[in-house]
Amino acid sequence: MMRHLTLSILPLAFLPPVVMAQTLAPFERSEVRLVRVSEGLGIQLNLRNKPITRYANVVYQLLVRRNGAWLPVYSTTGARLLPGGGGTLNPPLEVIPLWELEPKLGGRLEQLGNAELQAVVTIRYDLSSDRRDLVWNGVTTQVLGTLTGGTQSVTALPPK
């Protein structure tokens, strides 16, 4: 005995829309900004899509380009802890005072307008007991004389 299968084809208008969720990588769309402040320079970190973490810390570094090489001029002494909650987070501005910065740059900021600077931010974090020691790096490069506090070029590398 042979059975016949009848198919009913509905127009697409009768089918419910398919919603595809876009999953962002941890810290995707985050920004690192290098800004001028009255005390010196500041590194601003604007985190987006921060995962909920068991532990997270951030280290800030500033480098200057000399003779084609990047030389360190500032690094935080110790890491800054980040809260565990997820989502958007804007940690306090990391201020690098003039008295610490100018001797390492080799002059007063006003005299170093064309110096190329690079701010590097490294976040180390644990998501759970089996996902530990993850790393996110954010980098921005800017000419000192153009710093105004606006958004700078940002490179966000995926976690290791």
Checklist entry - What distance do Leu134 atom CG and Thr53 atom OG1 have between them, rounded to the nearest 0.5 Å? => result 10.5 Å
Checklist entry - Is there a donor-acceptor pair under 3.5 Å between the side chain of Lys50 and the backbone N or O of Leu82? => result no
Checklist entry - Are Val59 and Val32 in one and the same hydrophobic cluster, where Ile, Leu, Val, Met, Phe, Trp and Tyr link if side-chain heavy atoms are under 4.5 Å apart? => result no
Checklist entry - Where do Leu71 and Leu63 land on the side-chain contact (heavy atoms from CB on, under 4.5 Å) test, with the steps shown first? => result CA-CA 5 Å; Leu71 303 174; Leu63 300 101; over 6 Å; no
Item to check | Check against side-chain contact (heavy atoms from CB on, under 4.5 Å), Tyr74 and Lys104 | outcome: CA-CA 8 Å; Tyr74 174 82; Lys104 293 178 182 176; 5.7 Å; no
Checklist entry - Could you state the interatomic distance from CG (Asn57) to CG (Leu81), rounded to the nearest 0.5 Å? => result 6.5 Å
Item to check | For the student: nearest non-hydrogen atoms of Gly42 and Val37, plus distance | outcome: N-CG2, 4.2 Å
Checklist entry - Among pairs that include at least one residue of residues 74-96, which meet salt bridge (Lys or Arg N to Asp or Glu O under 4.0 Å), considering only residues two or more places apart or in two chains? => result Arg80-Glu94
Item to check | Shortest non-hydrogen contact between Pro92 and Tyr60, atoms and distance | outcome: O-OH, 4.1 Å
Checklist outcome for this item: Between the CZ atom in Arg29 and the CG atom in Asn46, the distance rounded to the nearest 0.5 Å is 14.5 Å
Checklist entry - Okay, side chain of Gln118, backbone of Gln61: is any donor-acceptor separation there less than 3.5 Å? => result no
Next on the checklist: Using the side chain to side chain contact (heavy atoms under 4.5 Å, CB included) definition, which of the options Leu41, Leu117, Val64 pairs with Leu101?
Outcome noted: Leu41
Checklist entry - Looking at side-chain heavy atoms only, is the closest gap between Val58 and Leu45 below 4.5 Å? => result yes
Checklist entry - With under 30° as parallel and over 60° as perpendicular, where do the rings of Phe27 and Trp136 fit, or are they tilted in between? => result tilted
Next on the checklist: Working note: Ile123 + Leu47, criterion side-chain contact (heavy atoms from CB on, under 4.5 Å); need CA distance, chi angles, decisive distance, verdict.
Outcome noted: CA-CA 11 Å; Ile123 297 176; Leu47 296 177; 3.6 Å; yes
Item to check | Inter-residue atom distance Trp99.CH2 - Glu39.CD, 0.5 Å rounding | outcome: 13.0 Å
Item to check | More than 12 heavy atoms of other groups within 6.0 Å of Arg131 CZ | outcome: no
Item to check | Derivation of the side-chain contact (heavy atoms from CB on, under 4.5 Å) call for Leu34 and Leu62 | outcome: CA-CA 9 Å; Leu34 189 57; Leu62 181 68; 4.0 Å; yes
Checklist entry - Under 6.0 Å from the CG atom of Asp130, do we count more than 12 heavy atoms belonging to anything else shown? => result yes
Item to check | Short side-chain to backbone donor-acceptor contact, Thr88 and Arg48, under 3.5 Å | outcome: no
Checklist outcome for this item: Closest non-hydrogen atoms of Trp70 and Glu116, given as atom of the first, atom of the second and distance, are CZ3-O, 3.5 Å
Item to check | Pairwise distance CG(Leu93) to CD1(Ile43) - rounded to 0.5 angstrom | outcome: 8.5 Å
Checklist entry - Can you tell me how far CG of Leu147 sits from CZ of Arg36, rounded to the nearest 0.5 angstrom? => result 7.0 Å
